[in-house]
Amino acid sequence: MTSATLRFILGIALIVASALSIFYLLMKPPMSDLGAMAQFLSATAIISAGAGYLAYRYGWIERSPTLRWSLLGSYALASALTFINVWVTARLMFASQHDLMLATVLLLFAGGIATVLGFFLASTLTERIGDLDKAARRIERGDLGTRVPVRGADELTALSETFNAMAARLEAAEARKKELDALRRDLVAWAGHDLQTPLASVRAIVEALADDMVDDEATRQRYLRTAQRDIQNLSDLINDLFEMSQIDAGGLKLDLSPASLSDLLSDTLESFSALALQQGIKLEVSLEPGVDPVVMDVQRIARVLNNLVGNALRYTPEGGTVSVLAGQAAGRVTVSVSDTGEGIPAEDIPKIFERFYRGEKSRNRSTGGAGLGLAIARGIVEAHEGEIGVESELGRGTRFFFHLPKS
């Protein structure tokens with residue numbers, strides 16, 4: 001027995017008991033009359049319950065072409081059962097044929113009014129369901145911006161809210177899909193460009209050497225150094241693409257352990273000291289107390305620092321300064337890399353961490369890499385459950401910073 005059937009039977013029994021209680025309290029009948037009333041009400045209740053159960057059991061509602069007609073049939077059935085119950089009662093109670101006919105007319109009138117009124121009120125329900133159906137069809141046709149109005153506080157209201165939430169998720173997923181498609185197209189175009197340049201250079205050098213077009217040893221060595229540099233650029237780009245694919249797939253594995261951030265900063269600046277001296281740029285580092293230790297993947301965070309410091313040196317003119325500051329507060333450490341370069345245009349700042357994005361549109365490798373470094377840095381920091389950001393002002397310099405939880 002289903003829960004709906006059980007509730008239906010319990011409801012019928014409750015109505016019979018309530019009617020007998022009211023009959024006894026209002027009229028104080030003798031027990032014989034109370035028993036007769038109980039038999040009559042039980043019989044009519046069983047007949048009504050049987051008719052309703054048969055309509056439910058044999059799927060009468062499911063055969064209806066529309067919900068509107070299903071509701072109309074339900075109202076008509078309820079009105080007919082009410083008419084039969086009251087008419088039989090009147091037939092037993094009224095001695096006058098005139099009174100019985102009058103009661104019959106009034107019952108038919110009341111049943112008709114109740115059915116029409118129920119049908120009218122049900123229209124609001126079917127209209128709301130119709131709105132959901134139309135919205136679902138629009139989404140099926142690709143209009144993912146479709147939303148349904150949310151009215152009331154019933155189950156249809158909850159369904160409408162769920163529908164709108166689903167539509168919003170579908171719209172966001174479609175936007176993300178288009179973004180990924182665009183990124184894939186950009187990947188082919190940009191990676192092809194950045195791979196083609198060093199490959200063409202290496203091919204030209206190899207062909208020149210293979211054809212004995214280089215006579216003197218000095219030129220030969222210069223060609224070999226150029227080929228070695230281009231091969232290194234290819235290797236770096238391929239490594240960047242592989243690491244970016246790991247980040248996108250959520251497969252960037254971290255080797256986390258407590259480590260000294262101050263030592264990592266010192267090693268990073270030491271590796272750039274010769275380049276800074278060659279370019280006439282001053283390197284500064286400042287460490288606040290309590291920075292160490294930090295739970296991190298040392299090699300990955302070293303990659304972030306190398307990227308940020310390398311970018312700062314690349315865009316800082318001779319005589320400028322690159323400053324690295326590390327501090328801690330509220331259970332996390334903050335590392336910032338500031339330069340006194342030309343700054344980043346305001347329109348470029350929101351895109352600065354996008355893969356393959358470079359402010360220098362010609363994509364000349366002498367002025368920068370493939371445009372993956374900052375995207376990889378963001379992926380590494382976020383994999384540590386940290387945050388990365390940038391502040392810049394034209395003519396005054398740029399400050400990159402990232403936060404990491406200490407533990």
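Quick note: numbers below take in every heavy atom, side chains included, and nothing from hydrogens, waters or symmetry partners.
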Does the side chain of [X] reach to within under 4.5 Å of the side chain of [Y], using non-hydrogen atoms?
| X | Y | value |
| --- | --- | --- |
| Q299 | D255 | no |
| I380 | H384 | yes |
| M166 | L170 | yes |
| R137 | D133 | yes |
| I344 | F400 | yes |
| L305 | F402 | yes |
| L404 | R332 | no |
| N307 | I376 | no |

Identify the residue among L269, V298, V294 that makes a side-chain contact (heavy atoms from CB on, under 4.5 Å) with L264.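 Looking at L269, V298, V294, the match for L264 under the side-chain contact (heavy atoms from CB on, under 4.5 Å) is V298.
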
Consider side-chain contact (heavy atoms from CB on, under 4.5 Å). Of T321, D339, L313, T340, which one does I281 pass it with?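 Testing I281 for a side-chain contact (heavy atoms from CB on, under 4.5 Å) against T321, D339, L313, T340 leaves exactly one candidate, L313.
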
Which residues pass the salt bridge (Lys or Arg N to Asp or Glu O under 4.0 Å) test with R396, not counting sequence neighbours?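 For R396, the residues satisfying salt bridge (Lys or Arg N to Asp or Glu O under 4.0 Å) (neighbours in sequence not counted) are E393.
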
N311 vs R314, side chain to side chain donor-acceptor pair (under 3.5 Å): CA-CA, chis, key distance, verdict: CA-CA 5 Å; N311 282 350; R314 182 178 297 117; 2.7 Å; yes

Give a yes or no answer on whether the side chain of [X] reaches the backbone of [Y] with a donor-acceptor pair at less than 3.5 Å.
| X | Y | result |
| --- | --- | --- |
| N306 | A302 | yes |
| H403 | G389 | no |
| S392 | G397 | yes |
| D292 | S260 | no |

Out of the candidates R147, K178, K177, only one should pair with E171 under the salt bridge (charged side-chain N to carboxylate O under 4.0 Å, His left out) rule; please name it.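 Answer to the salt bridge (charged side-chain N to carboxylate O under 4.0 Å, His left out) test with E171 among R147, K178, K177: R147.
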
Mind checking what makes side chain to side chain donor-acceptor pair (under 3.5 Å) contact with T268, not counting sequence neighbours?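 Scan of T268 (side chain to side chain donor-acceptor pair (under 3.5 Å), adjacent residues dropped) gives none.
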
Taking the basic N atoms (NZ, or NE/NH1/NH2) and the acidic carboxylate oxygens, is any pair closer than 4.0 Å for E284 and K282?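 Judged by the 4.0 Å cut-off on N to carboxylate O distance, E284 and K282 do form a salt bridge.
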
Determine whether the side chains of S266 and D263 contain a donor N or O and an acceptor N or O closer than 3.5 Å.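 Absent: no donor and acceptor within the cut-off.
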
For the atom pair CD (E387) and OG1 (T334), what is the distance rounded to the nearest 0.5 Å?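 Interatomic distance, E387 CD to T334 OG1, rounded to 0.5 Å: 9.5 Å.
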
